[in-house]
Amino acid sequence: MSIIIDQNTNVIVQGMTGTQGSYHTQKMLEYGVKVVAGVTPGRGGTVIHGVPVYDTVKEAVQKFKVDLAMIMVPAPFVYAAAIESIDNKVPTILILTEHVPVHDTMRIMALAKRNGVRVIGPNTMGIIAPGKAKAGVMPVFLYGNGGKVTVVSRSGTLCHESASNLMYRGIGVNLVMGIGGDPIIGTSFTDALKLLKDDEETKAVILIGEIGGSREEEAAEYLKSVDYPKKVFAFIAGRYSPPGKKMGHAGAIIEKGVGSASAKLEKLAEAGVVITGSIEDLIKKVEDWHNGRYPEELAKEA
Amino acid sequence: MSIIIDQNTNVIVQGMTGTQGSYHTQKMLEYGVKVVAGVTPGRGGTVIHGVPVYDTVKEAVQKFKVDLAMIMVPAPFVYAAAIESIDNKVPTILILTEHVPVHDTMRIMALAKRNGVRVIGPNTMGIIAPGKAKAGVMPVFLYGNGGKVTVVSRSGTLCHESASNLMYRGIGVNLVMGIGGDPIIGTSFTDALKLLKDDEETKAVILIGEIGGSREEEAAEYLKSVDYPKKVFAFIAGRYSPPGKKMGHAGAIIEKGVGSASAKLEKLAEAGVVITGSIEDLIKKVEDWHNGRYPEELAKEA
Amino acid sequence: MYLYEYQAKKVVGDAGIPVPQNRLAFNPEEARQAAEEINKPSVVKAQVRAGGRGKAGLIKLVKGSQEAYSSAQDIFGKYHHGEMVEKVLVEEKLDIAKELYVSVVLDLNKAKPVVLISAEGGVDIEQIAESSPEAIIRVEVDPLEKDTPEHKWVEAWGKVGLRGKQLLKAASVASKLLNLFYKVDAFTVEINPLVITQAGDVIAADAKVIVDDSSLYRHPELQSYQELSSHPLEIEASKAGVSYVSISSEGFVGIVAGGAGLSMATMDAVFEYGGIPAAFLDLGGGISEVGMAESLKIMLKTEGMRGIIINVFGGINNCEIMAKGINRAFQEADIQVPIVVKMRGHSQEEGWAVLENLQIPIIKHGTTDEAIKLLLSKIKM
Amino acid sequence: MYLYEYQAKKVVGDAGIPVPQNRLAFNPEEARQAAEEINKPSVVKAQVRAGGRGKAGLIKLVKGSQEAYSSAQDIFGKYHHGEMVEKVLVEEKLDIAKELYVSVVLDLNKAKPVVLISAEGGVDIEQIAESSPEAIIRVEVDPLEKDTPEHKWVEAWGKVGLRGKQLLKAASVASKLLNLFYKVDAFTVEINPLVITQAGDVIAADAKVIVDDSSLYRHPELQSYQELSSHPLEIEASKAGVSYVSISSEGFVGIVAGGAGLSMATMDAVFEYGGIPAAFLDLGGGISEVGMAESLKIMLKTEGMRGIIINVFGGINNCEIMAKGINRAFQEADIQVPIVVKMRGHSQEEGWAVLENLQIPIIKHGTTDEAIKLLLSKIKM
C-alpha cells in the first residue's frame, strides 16, 4: 500500500465535465485508477467516459466510499468545491487549480483542519504511485513502474523532469507528490516527510523546493528534530533568480532575503540532507546512493 | 451554596462607569456582594465605590478569580462585552441590557456554547439569592432572607411582585432568577429546571412565563420526560392580551396561535405543574402548599 | 418590523435575487401609469400587512392599463384586518411553470438560522409542514460561519427534484437569501412562491421580510420603512420614549406599568375582576420624572378611560423619581378620574412620602389583584 | 500587487481609518496647487514602490506652495531602485506626539492572519523585532471567525501602554485594518507609523498594502491600480496570457519553459554552464498552439538574444499542440538563432514528429542540463 493513493483508492473528480477534467479523467481511467464519480453542480445525470456525474459530493459519498477528491474547477469555484468535500468528510482533497485566491485557501485550510481532512495543493500536478495509481495531470510513462525513491516537489514540471531522468538511469520512484506552488498549501514538505517517515516502500526522499517562503527551512527544522530514517536529497530551483522578480507563480518571490536558495540549502545541509546544485547534480547523487545501496536492482533494471 | 450566585461569588461589572452601572454596583456592594472589578474599555485606572476599573476583562481575570460578569453596557456594545468575557472563560455571563439586537444574542449564544460558558439574559433584572448575594437591579428588601422556593421568570417586575408577596405571607425564597424577556435567551426555563433539579435548598419552583415563544412548552416537555423531584407552580402573563399586539418586549408576541397562554398552561398542567390564573392565585396556591409542608416554618417567620 | 411586500421586494432585489418588474402606486391613476410602463399583463396587489389578500379580492389580474386603473379603484380604501389599503403594487404577471418555497427563519430555541426549502410553493407552508413534512427540507446554519455553504442549497433543492440550470439558480437564491437574513438582522425572510417561469428563469414572486426592531439603529436603509402608528397617543408615547398600546374601544381602565410582564399581568387582572382595559402604557427601564409625568398625561387623554392603575417597581427604575413624575402630572393636568398606585422598591419611602401628599391610595404591600380590585371599586362608585 | 502609498491611503481611508489630508500630483505645478489647497505645512513624497525614500531625499518637508513646487521639481524624474518618480503625494504634516505600529500579515505557514501591534512605530519594524521582540504584540486570528474580536486590540494596545481615548481609537484602527485585510484579499496591510497627534487624534501617516493578484477578478475597485509593466515585451506577453520576465541586459539566452519551477531550474542551469539569460517566458498551464507561437515570437524580439531553449512537458499542456505552435512560429517568423527543444509528456510522439520536420535538435530524454549545454555550444559556434 502506498501513501495517500494506490490501486484501491476511490477517486471523485470535481469539475469532470470541463475540458481538462474530462481529458485527465480519461487518462486516469486508462491508468486503471478507480474514478468512481464526477461532481459538477447543475450537471448531475451526465456520464463522462462511463463515469456518473452528480450534482453534489453528498450523492457521490452516499453511493461510493470516496477516498480522494480531485478538484479541477476554475479558480473562483475552488473554495465552494473544497468546502463541499470537506463537509462530506472526504479524507484527502487534491486541488490542481492554479490562481486560487490565497484567502480562499486560508479558509479551506482552517475548515479542513477543523474536520480532520488532508488537503494537497492548490496549484499542483497531483500525486502518482507509479504502476499503481495517479490523481493528477502527469504523463504516466515518464514515471516508470515503482521503486524505492519518493519525490516531493513544489513544481509539477520538475516532478516530470526528475522522475523521468531517474527512470532513464534505471532508478525507480514509488511515489511522486506535487505539493503545489502556492503561498499557502495544504501539505507542506514537513507534512510529507512525516507521512513518509514510517512508509516501508520509501528508502529515500527527494525534496524539490523553490526560492521564497520558508517551507524548506521548516522541513530542515523537522529533520533536525527527529532521527529521520530515510536518505534525503534536496534541490532548490531559482538560486540565480534576480531578487524581487516574480518567477511565474506567487510562491516564488524572494522577499527581503528570506527564502533565498542558499539559505534554504544551508539549513537543509545542516539537517543532514544531501544538497544539490542542479537537476543533473541531483540525479547523479541519487544514482550514486542507489548504486551503493541497491546495485543488484540497478543492474537488473538497466 | 446556592446555584450560580452566593456570598463567595466574585462579580465583575462590564459598564460600571455608566450611571446605572455605578448605582447598581453600589447597591450590590451594600448587600455584601463581592464586586471585585469593573471593566470599561478606555476607562482603565478609574475607581468606582472603591472598586478598580480595568480596560479589559483579561486584566480583571488576571487579578481575580472571576465567577460572574454582569453586563450593563448600552445595547450596541453588548456583543463586544459578552464575547470578551466568553473569550476569557468567565463561567457565567449575565446580560441585563434590553434591546440587544437578536442576531447579536444568537452569535453570543453560539460562542458561549463553544466555550462552555453560561449566559443568562439578555433583558433580565438579574439573579438574587436572598440574604446571600445578588447580581442585578432588584430592590433586595422585597426579597427577604431566604427560604425554600425558587422563582424563575421572564419578567423582572413579576419577580419583584411574586417574591415580595410571598415574603409578606411569610414564605421565603432562596433564589430568584430573571431569565430575560428577549426572543433568544441564554438560560431557558428548561435549563433553569435542570440546574435546580438536584439543588437541596429548592423545594418548589415557580415558573413565571409570558405569551409568545415556546420556552414554557419546552419546559413542560422536559418535566414530563423526567421524574422531577420538586413541586412546580406556573403563572403565564398575558392570557387576555389581544392577538398580534406587541406588549412591550419582543418576546411577548402571540403569532398564529403559537405560544398562547392557554396552550402553555395546558401543556404545563399535563406535566404535573400547578397552574395559576393570576398573581394572587399563584401566591395563594404556593401558600397552601407551604402551609401543608412547612407549617412550623411559616408560624416562626410570620 | 414587518415590511410591506413592496419594501421586502426592494430589499430582496437589492440582495441580487430576481424579482418581477414592478411599480408602487398611491392612487388609481398611478396604477394606470405603472401598468402602462410595465406594458405586460400585470397584477395589482394591495399593500397591507395581513395575509389572505387573494381570497379577500385584494389581488387582481389585469390585462392593460385601463383595467389596472379600475382594479386599483376597487381596491383602494378597502379594509383588510383593520388596515386600509393606501398603496398598491403593480407588477408584471409571471408565466409560471413551477412554484417553489424558500425561507430563512430564526429558530429562537436553537438560536440559529434555519433554511427551509420546498418544491411545494405558492401555498400555505404551514399546511404543507403538517400534511407532508417530508416535502420541506430543513437546513440548520451555524451562525458563526463566515460563509454560506453553497453546496447545501444544491443538496436541498436536488432532494426536492430540481436539476440543471434551475438547480443552480435556486441554490443561488437560497444562498443570497441567507446573506440577506444576516445583512438586515431578520427574524424571517421568505419567498413564497419562488417561481420557475416558462422561460426557465427563477424569480421571487412574493417576499416577506421581518426585521428585528432592536437592530434598526444599524440599518439606516431600513429606518425609512418604519411607519409610525396612526394612533395619536401611540405616536405621542413613542416620542416620550415609552410604549402605549390601545386595547379596546369599550375599555375604561388605563394601565401604567413598568415592564412587559407586569403590564400584561395587570391587564389580565383587570379583565379577571370585570374591568376592561382601554389602554396600557409600559414605562420600560430608566424612566425620568418628566417621562413619568408625560406617561400619565398621555394615559389621561385616552377616550372612555375612567380610572388609572399605576403598577410599578423601583428596580431599574426609582420610586422617588416616579412619584415625583406623578406629582408633576397632578400639578400640570386636571385629574378627575380615580388613580391607584401600587409602588415599591428602590427609594420607596421617599416615593410614598411624595404620593401621600397627593392623597391618592397607595398599595405599599399586597398584590396587583388588590390594587385592581380597589381601583374598580372606586370607578364603580 | 503592491499598491503605491497614495493608493494604499485611499483604501485605508475608505476603510474608515483616519489618514492625513492629501493630494496626488503629476507635475510640480500640480504639487504647488495641492499644497495651496491643503494650506498647512506639508510633506511632498515621491510615489515609488521601494522603501528608503527618506534617506534617498525623496520625502521633503515644505512650508508653503512655492516650496512644494521647488521640492517637487527636485524629486520628479529621479530614479529610486530602478523606478522613475512620476507622481508625488502632497500631504499635510502631522504634529506628532507618538508613533505606533500596526499591521495585519498573512502567516503562510500557519495559514492565518496575524495582527502585529507595537508602540515603537516610525522605524523599521524588522529591526524592532530583532532588538526587542517583546515590544511587538502578535495576535493570531482565526480566519473562520465572522467578527473582529474588538477586545483583543484593546488588550494588545493596553499591553504596550496606551490608555483612555487613544486606546479606543487605536483599537478601532486595528479592528478596521483586519476588516480591510479580508476585504481586499491582502497579503499585508501595514500602518507605520500610526501617529498620535498633539491634539490626540490617531492617524495613519503611512500605509502599505499588498493584495493577492489571484483575487483581483473579484475586486473591480482595485483593478484600476494594476499597472502594466513598462517593458513592451512583458506587455505583449501579458496580452497573450503568458508571463515574460526580462532578466539581464547582458543576457543572450532566451528561456521558454512551462511552469515556474522548471523555468527557474532552466535559468539556474544557463548561469551554471556559463550562459546569461536575457529573459524567460513561463507558458503556464493550458497553452494553445497560437499561444505557443506568440510566446516564441515574443522571445525572438528580445534584444541581445542569441539562442532559445524551449523546455516543456506535456502534463497540463500537450506536446503535439506545443510542437504545432513552434512550427507555426517557424512559418510566421524569420528565425535566425539556434533553438533547442527539450519536450516530453502527453502526445510526445506526435510532438516530436512535428519538430523533426523543422530539423531542430530535440532532447527527448535527458536533463535540462544536457539541453542547455547543447544550446550554449550552438551559440558559441
Side-chain angles (χ1 to χ4, degrees), chain A residues 20 27 75-76 96 98-107 109-111 114 125 136-139 142 153-158 160-161 164-165 168 181 183-184 188 208 210-211 213-215 218 235 237-242 245-252 256 261 277-281 283, chain D residues 50 81 106 108-109 111-113 126 142-144 181-182 185-187 212-215 217-218 243 245-248 257-272 277 280 282 284-286 311-319 344-348 365-370:
Chain A
Q20 291 277 1
K27 291 281 167 196
L96 302 191
E98 61 178 347
H99 303 309
V100 178
V102 177
H103 280 222
D104 287 2
T105 308
M106 168 177 81
R107 289 179 295 158
M109 289 316 306
L111 278 168
R114 192 185 279 176
M125 63 128 204
V137 302
M138 63 293 284
L142 298 184
S153 170
R154 278 165 74 173
S155 156
T157 40
L158 288 180
H160 309 334
E161 170 92 356
S164 57
N165 283 304
Y168 300 146
I184 293 181
S188 65
I208 302 182
E210 289 173 8
I211 51 171
S214 60
R215 299 291 183 184
E218 190 194 59
F235 169 70
R239 58 191 178 127
Y240 288 101
S241 292
K245 289 271 178 183
K246 194 176 163 181
M247 316 310 268
H249 56 59
K256 299 171 185 161
S278 69
I279 290 290
E280 182 63 45
D281 187 27
I283 303 301
Chain D
H81 291 273
L106 183 53
L108 300 177
N109 291 7
K112 54 173 63 167
E126 282 164 50
D142 179 350
L144 299 179
F181 174 85
Y182 287 126
D185 274 285
F187 283 124
D212 175 15
D213 288 347
S214 298
S215 76
Y217 73 89
R218 60 189 179 198
S243 133
V245 180
S246 171
I247 301 293
S248 167
L262 190 63
S263 298
M264 287 191 286
T266 308
M267 183 160 54
D268 291 347
V270 169
F271 276 114
E272 195 70 25
F280 86 75
D282 181 354
N311 192 4
V312 292
F313 280 94
I316 189 81
N317 291 325
N318 182 289
C319 289
R344 54 183 177 263
H346 291 131
S347 304
Q348 60 185 23
H365 306 89
T367 60
T368 294
D369 302 62
E370 275 177 59

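Labels below follow one simple rule: chain letters A, B, ... track the order of the sequence lines, proteins then strands, and each chain is numbered from 1. Just so we're clear, the structure is a prediction, and the values are computed from it rather than from any experiment.
- In this structure, the side chain of D:Asp268 does not engage the main chain of A:Ala237 through any donor-acceptor pair within 3.5 Å.
- Ranked by non-hydrogen atom pairs under 4.5 Å with chain D, the options A:Pro76, A:Ala75, A:Ser188 are led by A:Pro76.
- Remark: A:His103 NE2 to D:Asp185 CG distance equals 5.0 Å, nearest 0.5 Å.
- Put simply, CG on A:Asn165 and OG1 on D:Thr368 are 7.5 Å apart, with the number rounded to the nearest 0.5 Å.
- Counting only heavy atoms from C-beta outward, the side chains of D:Phe187 and A:Pro183 approach each other to under 4.5 Å.
- A:Gln20 touches chain D through its side chain: at least one heavy atom from C-beta onward sits under 4.5 Å away, while N, CA, C and O do not.
- Closest approach of A:Pro101 and D:Arg218 over heavy atoms only: CB-NH2, 3.2 Å.
- Residues A:Ser164 and D:Arg344 come closest through the heavy atom pair OG-NH2, 2.7 Å.
- D:Pro143 approaches A:Ala110 most closely through the heavy-atom pair CG-CB, 3.9 Å.
- The aromatic rings of A:Tyr168 and D:His365 sit perpendicular, their planes meeting at an angle over 60°, well past the 30° parallel limit.
- Neither the backbone nor the side chain of A:Leu96 comes within contact range of chain D, judged by heavy atoms closer than 4.5 Å.
- If you measure heavy-atom distances from A:Glu161 to chain D, the contacts under 4.5 Å come from both the backbone and the side chain.
- Looking only at heavy-atom pairs under 4.5 Å with chain D, the residue among A:Ile283, A:Ile208, A:Asp104 that has the most is A:Asp104.
- In this structure, the portion of A:Met109 lying under 4.5 Å from any heavy atom of chain D is its side chain and not its backbone.
- No other option in A:Met106, A:Arg114, A:Met125, A:Glu218 has as many heavy-atom pairs under 4.5 Å with chain D as A:Met106.
- Interface residue D:Pro113: backbone and side-chain heavy atoms are both found under 4.5 Å from chain A.
- Partners of D:Tyr182 under the ring pair (Phe, Tyr, Trp, His ring centres under 6.0 Å) rule, at least two apart in sequence or in another chain, do not exist in this structure.
- Note on D:Gly285, D:Ser215, D:Gly345: by heavy-atom pairs under 4.5 Å with chain A, the leading option is D:Gly345.
- At a cut-off of 3.5 Å, with distance as the only test, a side-chain donor of D:Asn109 or A:Ser214 sits close to an acceptor on the other residue.
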Original post:
Under the side-chain contact (heavy atoms from CB on, under 4.5 Å) criterion, do D:Phe271 and A:Arg239 qualify, and how do the steps go?
Top reply: CA-CA 10 Å; D:Phe271 276 114; A:Arg239 58 191 178 127; over 6 Å; no

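- With a threshold of 4.5 angstrom between heavy atoms, A:Leu142 approaches chain D through side-chain atoms but not through N, CA, C or O.
- The minimum heavy-atom distance linking A:Val100 with D:Asp212 is given by the pair O-OD2, 4.3 Å.
- Of the two parts of D:Ala269, neither the backbone nor the side chain holds a non-hydrogen atom closer than 4.5 Å to a non-hydrogen atom of chain A.
- D:His346 approaches A:Met138 most closely through the heavy-atom pair NE2-O, 3.7 Å.
- Exactly one residue among D:Thr266, D:Leu262, D:Asp282 makes a side-chain contact (heavy atoms from CB on, under 4.5 Å) with A:Thr157. That residue is D:Leu262.
- The structure places CG of A:Leu111 at 4.5 Å from CG of D:Leu144, a figure rounded to the nearest 0.5 Å.
- Ranking A:Pro139, A:Gly156, A:Ser278 against chain D, the residue ahead of the rest is A:Pro139, based on heavy-atom pairs under 4.5 Å.
- Listed here is the closest heavy atom pair of D:Met267 and A:Ser241: CE-OG, 3.4 Å.
- With a 4.5 Å cut-off on non-hydrogen atoms, D:Asn317 does not touch chain A at all.
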